[in-house]
K.L.:
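Would you mind keeping the following structure in view while I ask a few things?
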Protein chains: 2
Amino acid sequence: MPRLDETLLRDVPPFRRLEGPEIREILDQALPKRFDAGAAVFREGHPATRFYLLLDGTIRVMRTSPEGEQVTSLHIPAGQLFGIAAALGRETYPATAVCAAECLTLSWPMSLWHVFVARYDGFAEEGYKTVGVRVAEMNQRIMDLATQRVEQRIASALLRLVNQTGRKVEGGVEIGFPITRQDISEMTGSTLHTVSRLLSRWERDGIVASRRKHVTVTDPHRLLLIAEG
Amino acid sequence: MPRLDETLLRDVPPFRRLEGPEIREILDQALPKRFDAGAAVFREGHPATRFYLLLDGTIRVMRTSPEGEQVTSLHIPAGQLFGIAAALGRETYPATAVCAAECLTLSWPMSLWHVFVARYDGFAEEGYKTVGVRVAEMNQRIMDLATQRVEQRIASALLRLVNQTGRKVEGGVEIGFPITRQDISEMTGSTLHTVSRLLSRWERDGIVASRRKHVTVTDPHRLLLIAEG
DNA sequence: TCCGGAGCTTGCGGCGGCGCAACGTCCGGT
DNA sequence: ACCGGACGTTGCGCCGCCGCAAGCTCCGGA
């Protein structure tokens with residue numbers, strides 16, 4: 001197996017403060033892996049044996065209700081750590097990580113988490129900061145679900161995805177991975193019908209454009225106005 | 001100022017593994033404080049200068065939406081750490097901590113967090129475990145808000161409060177702090193009217209009993225059936 | 001090239017829960 | 001003992017959103 005290239009980690013926040021030899025050390029212990037779109041990296045409730053870095057793609061963090069309904073907690077863009085159960089003092093993964101598109105990951109045995117934290121400058125801080133950002137995001141979702149109407153929640157969700165993963169295309173910014181009406185409904189506590197109706201209306205109004213599995217925001221400003229009520 | 005009694009920390013999880021001298025050391029750096037019901041210990045967005053241990057009472061963790069609506073994220077029972085922004089790599093508190101009843105706290109400068117983590121066996125683990133439990137609880141709330149109807153959410157909320165803070169009284173288990181219909185509505189993303197109507201119905205059905213600011217669950221089993229749909 | 005299935009759209013009817021409004025009740029302060 | 005305010009209850013009407021149903025479009029595989 002060829003050695004992994006050091007540039008992989010150079011610009012990734014958790015490792016940003018490290019020097020070449022340290023990065024080499026970390027890479028030599030990493031297990032690279034490719035996942036197809038739709039594949040699960042790990043599942044809710046399973047033993048948390050490894051933690052991951054997402055090199056490319058987008059991860060969808062999901063949970064399943066007792067009745068079998070899917071709920072998406074958040075999306076993780078490339079460059080971030082995930083599955084870091086050790087940072088939460090947990091022995092099992094709290095949610096399922098599904099690839100929204102083809103994904104490339106590095107992973108390490110969970111036992112190395114504490115080693116990395118002790119050994120590498122800034123790693124602990126960045127790791128816990130990642131947790132903090134996720135917590136803030138979850139808090140925001142709770143607020144939205146509790147106080148906003150569906151229309152506002154869907155507008156917010158689209159804006160968040162565009163900010164996290166968007167790429168410029170002609171006429172707007174496109175969400176950086178394939179996404180269905182059903183997916184959006186699972187992010188917003190809604191139904192695919194309602195999402196479809198709203199996207200149709202917004203398309204008529206020139207706010208978004210969408211093809212099957214692709215959504216482009218063409219007028220972010222007006223979408224923001226909707227999100228804010 | 002008299003020295004604080006060591007038994008204060010003996011049975012509190014974050015300090016459970018420590019010996020007398022270590023507990024002495026920690027207590028000598030602690031600032032004890034009493035808060036009236038309704039008082040804020042710290043506020044959302046303010047600099048996170050200290051972290052806290054709740055000795056007695058119940059803390060309500062709240063956020064305010066841009067439109068001024070209050071949302072309660074979770075309740076913290078006695079014996080737990082809170083305001084541990086450092087564990088999330090944050091410089092400001094992510095939410096407001098309000099006393100649901102009279103509260104007694106100990107607190108330490110946030111700079112000591114990293115000292116405690118490095119110095120005291122088990123402290124880091126317990127601290128991050130606390131974060132993990134809160135994250136799990138938030139995840140659960142997101143799921144509930146996204147998939148359950150108001151009736152189920154209110155039933156779940158009552159059961160959770162009873163489990164966390166309940167005390168046996170004749171005829172049932174009473175929630176361990178004063179709580180209004182408005183409070184419950186802010187926990188469940190509902191309105192005080194809906195909560196009132198449901199509590200009235202459940203009271204007729206013999207599932208709960210309530211007086212002003214007091215709620216007793218008299219038939220937890222049936223309430224659980226409602227919570228599960 | 002055809003077929004099947006996944007994804008998307010749209011109309012219609014129903015209803016859960018909200019908002020308003022009005023009124024009751026309990027408690028604490030002076 | 002009284003009064004004011006916070007807390008709680010309940011009826012009514014409305015509407016946002018869901019659930020069902022039917023049909024369309026697009027894409028990939030044999």
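Letters A, B, ... mirror the listed sequences (proteins, then strands); counts begin at 1.
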K.L.:
Measure from CZ on B:R211 to P on C:dC27 and round the result to the nearest Å.
P.N.:
8 Å

K.L.:
To the nearest angstrom, how far is A:R212 atom CZ from C:dC8 atom C1'?
P.N.:
8 Å

K.L.:
Want to settle it: does A:V195 or B:V150 sit nearer the 5' end of DNA chain C, counting the closest nucleotide to each?
P.N.:
A:V195

K.L.:
Between C:dG19 atom C1' and B:Q182 atom CD, what is the distance in whole Å?
P.N.:
14 Å

K.L.:
Taking B:D183 first and then B:R60, would you say they form a salt bridge - that is, a charged N and a carboxylate O separated by under 4.0 Å?
P.N.:
yes

K.L.:
Does the pair A:R34/A:D36 count as a salt bridge with the N-to-O cut at 4.0 Å?
P.N.:
yes

K.L.:
Can you check whether B:S200 has a side-chain N or O nearer than 4.0 Å to OP1 or OP2 of D:dT10?
P.N.:
yes

K.L.:
Could you state the NZ-P distance from B:K213 to D:dG8, rounded to the nearest angstrom?
P.N.:
8 Å

K.L.:
NE2 of B:H193 versus P of C:dG16: gap in Å, rounded?
P.N.:
19 Å

K.L.:
Give a yes/no on whether any side-chain N or O of A:S196 is located under 4.0 angstrom from OP1 or OP2 of C:dT9.
P.N.:
yes

K.L.:
Calculate the interatomic distance between B:Q148 atom CD and C:dG16 atom P; express it in whole Å.
P.N.:
16 Å

K.L.:
So B:Y128 and A:Y128, would you call those rings parallel, tilted or perpendicular, with 30° and 60° as cut-offs?
P.N.:
parallel

K.L.:
Strictly below 4.0 Å: does B:T191 bring a side-chain N or O up to OP1 or OP2 of C:dG17?
P.N.:
no

K.L.:
Take the protein atom CD of A:E69 and the nucleotide atom P of D:dC18, then report the distance between them rounded to whole Å.
P.N.:
11 Å

K.L.:
Could one point to a donor on the side chain of B:R197 or the base of C:dG16 with an acceptor on the other under 3.5 Å away?
P.N.:
no

K.L.:
So, are A:D205 and A:R222 salt-bridged, with charged N and O less than 4.0 Å apart?
P.N.:
no

K.L.:
Could you check whether B:S190 gets within reach of a base, just the sugar-phosphate, or nothing at all, counting any heavy atom under 4.0 Å?
P.N.:
sugar-phosphate

K.L.:
With a 4.0 Å cut-off, would you call A:E151 and A:R201 a salt bridge?
P.N.:
yes

K.L.:
Atom CG of B:D36 and atom P of C:dG28: how far apart are they, to the nearest Å?
P.N.:
14 Å

K.L.:
Using heavy atoms to find the nearest nucleotide of DNA chain D for B:R201 and A:R149 separately, return the residue whose nucleotide is more 5′.
P.N.:
B:R201

